[in-house]
Amino acid sequence: MKRRDFVKTSCQICLLSSAGLLLTFMNSCSPAAGNSIFKTEVKNNQIEVPLSLFDKSPLQFVRPKGWNYDIAVEKNKDGYLALLMQCTHQSNQLISTVNGFTCNLHGSVFDKEGNVRKGPAEDPLKKFKTTISQNSLIINV
Amino acid sequence: MRKNLYFALALSCLCTLSQAQQISPAQQLITNEDSLNAGAAKSKTVISGYGSASYQRDFNAGVSTMNLDRAVLFVGHRFTDKLSFFSELEVEDAKVEGGSDGGEVAMEQAYIKFDLSPKQYIVAGLFIPRIGILNENHLPVNFNGVERPLVETVIIPATWRELGVAFYGSANSIPLNYSVGIMNGLNSEGFEHGSGIREGRAEGRTATANNLAISAALQYSWKDFKFQISGYAGGTVGLSKRAADSLGLNSGAFGTPVYIGEGDLQYSKNGFSAKALFAYISYPEADKVNAAYAKNLATGMYGTYGELAYDLLYKKQKKAQLISFVRYEAFDLNSSIPAAPFGIYDGTEKQSHLLLGLGYLPIPNVVIKADIRLVHTGPQNPALIINPPPNALPYQENNQVLNLGIGYSF
């Protein structure tokens, strides 16, 4: 192998390896880094979220341990709305936007209430009942 | 050299996939009920699809046509909570018949998806990279106009899919989405004057993998705006070194490269929406490809469009939507060409299109569309007209096209 090829190959391997490491880094740092993801556990089919969380922002994301989808919880004039961020079309994870939620897989769009605004999804997002107990919001799953 | 590359790529993927496969004790303790609550699909196999049909009147040609443009079948299957399969099988123009032109049966997508976390996943197989707005969101209910935006058809090929691996994710603390992918490269021998890079795609069929490509995209949301930048860089000669040398082309993973840069923004608030997109393709060694294959390819191409739309039923807060829109598109498929004698400018490939239209969606899954498109092109270059037919009409730089269409997705 010529020196030039060796240098080029080494650079490319470094680039690819860095990409792999970057993925690991992003995976490990992002969930804990933001204050908008609240990680918790499901106990007796209930998730407990401190109400003080909503002082920072009316929209919070809850990540139950072992779940493949986050729950978006928004404080609004009627109380709290908890929506599972799972596209009702083909179960892809949703992305939160200012106006609601979008699915990158096929382009489904849901509004803030979880209603379908653009297909192919046909059903609204799954809603969880919520209750307030002392200083906590209880999400019944 | 390639072996090393593949080894490094496989290593990167294995590192990440191994994370996807790790099952924590908490996950092992999930009951069936918890699993259902956690979002596992009720039905493991999902069948759905989309399609569109259109009527088009070309006023200059005096020709009207009707066509079932496409009918696409999705089949998805969830193996486990973190492993699933997605596919799209498309029939274009209703039928494919031996011995006659037209029609296409093709896989639009077929990949395995590995969920790493609620916000990160990897896809492997035939997938659509995130370039532009339409490529990922190409269902007829999701764009205005009967036809897909032309810039996202001739500059960025619509439903551009290739074989490879891609990583997608969203940051938790900021509204940032990102993706990066590696895939087979384009084939320079397939490029044709007037169709950009479209005909160089393998789309999953015996792609040349001596040449590779990488793509990456960043999306950021701010208030009611969504910004995206994306890029693509890849080799276009998949021949062996000996064959490439004999044609005077540079081979290798990124030999005879093509580069694509794209930026777009979308705005949406209270029924009003706006889009703007710019894309540029650079093909610096087009002269060599032109010499090798007797083509007339450009070294630079650009396309841009802007669209304003308003849902006339928004204030009534009904499920139905009546979207009026106006879109202006401009592109030049030979904005820069190789020096003579390796490139000849074609004014007809510099075009602008103004569209005015309506889309009525009684429900979000069905759309009825109507629009009129005003076309303007540059002049024809007589140097490109070889043996013109004696009955050929003079080239007309202005035209009007009426489109009516229906579309569905489910």
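Just so it is clear: chains get the letters A, B, ... in the order the sequence lines come, proteins before strands, and each one is counted from 1. The shown structure was predicted, so the numbers you read here are calculated from the model rather than taken from an experiment.
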### Query
Side chain of B:Asn142, backbone of A:Gly107: donor and acceptor closer than 3.5 Å?
yes

### Query
According to the side-chain hydrogen bond (donor to acceptor under 3.5 Å, both in side chains) rule, which pairs have a member within residues 98-110 of chain A, sequence neighbours left out?
A:His89-A:His106, A:His106-B:Glu88

### Task
Would you mind checking which part of B:Asn270 comes under 4.5 Å of any heavy atom in chain A, side chain (CB onward), backbone (N, CA, C, O), both or neither?
neither

### Task
Could you tell me the separation between the CG atom of A:Asn92 and the OH atom of B:Tyr121, rounded to the nearest 0.5 Å?
5.0 Å

### Task
Say whether B:Asp81 and A:Asn68, considering side chains only, have a donor N or O and an acceptor N or O under 3.5 Å apart.
no

#### Entry: Within 6.0 angstrom of B:Ile47 CD1, more than 12 heavy atoms from elsewhere
no

### Message
Please classify the contact between B:Tyr50 and chain A as side chain, backbone, both or neither, with a heavy-atom cut-off of under 4.5 Å.
### Response
neither

### Task
For the pair B:Asn365 (side chain) and A:Ala121 (backbone), establish whether a donor and an acceptor sit closer than 3.5 Å, ignoring hydrogens and angles.
yes

### Task
With a 4.5 Å cut-off on heavy-atom pairs, point out which of B:Ile363, B:Leu361, B:Asn177 contacts chain A the most.
B:Asn177

### Message
Can you give me the closest heavy-atom contact between A:Pro120 and B:Ser409, atom names plus distance?
### Response
CA-OG, 3.3 Å

### Query
Roughly how far apart are A:Gln90 CD and B:Phe86 CZ, rounded to 0.5 Å?
5.5 Å

### Residue A:Leu105 versus chain B: region with a heavy atom under 4.5 Å
both

### Message
Could you measure the distance from the NZ atom of B:Lys119 to the OH atom of A:Tyr69? Nearest 0.5 Å is fine.
### Response
13.5 Å

### Query
Which one, B:Pro118, B:Pro175, B:Ser48, B:Ser221, leads in non-hydrogen pairs under 4.5 Å with chain A?
B:Pro118

### Query
Does the pair B:Lys226 and A:Thr97 meet the rule for a side-chain contact (heavy atoms from CB on, under 4.5 Å), with working shown?
CA-CA 9 Å; B:Lys226 181 179 171 187; A:Thr97 66; 5.6 Å; no

### Query
Is it the case that more than 12 heavy atoms not belonging to A:Glu48 sit under 6.0 Å from its CD atom?
no

### Contacting moiety of B:Phe127, where chain A heavy atoms sit under 4.5 Å
neither

### Between CH2 on residue A:Trp67 and OG on residue B:Ser117, distance to nearest 0.5 Å
15.5 Å

### Query
B:Gln109, B:Lys269, B:Arg130, B:Lys319: which one forms the most heavy-atom pairs within less than 4.5 Å of chain A?
B:Arg130

### B:Lys44 NZ to A:Ser91 OG distance, which is reported to the nearest 0.5 Å
12.5 Å

#### Entry: Region of B:Lys223 in contact with chain A, defined by heavy-atom distances below 4.5 Å
backbone

### Query
Above 12 or not: heavy atoms from other molecules or residues under 6.0 Å from CG of A:Asn44?
no

### Minimum side-chain heavy-atom gap A:Arg117-B:Gln321 below 4.5 Å
yes

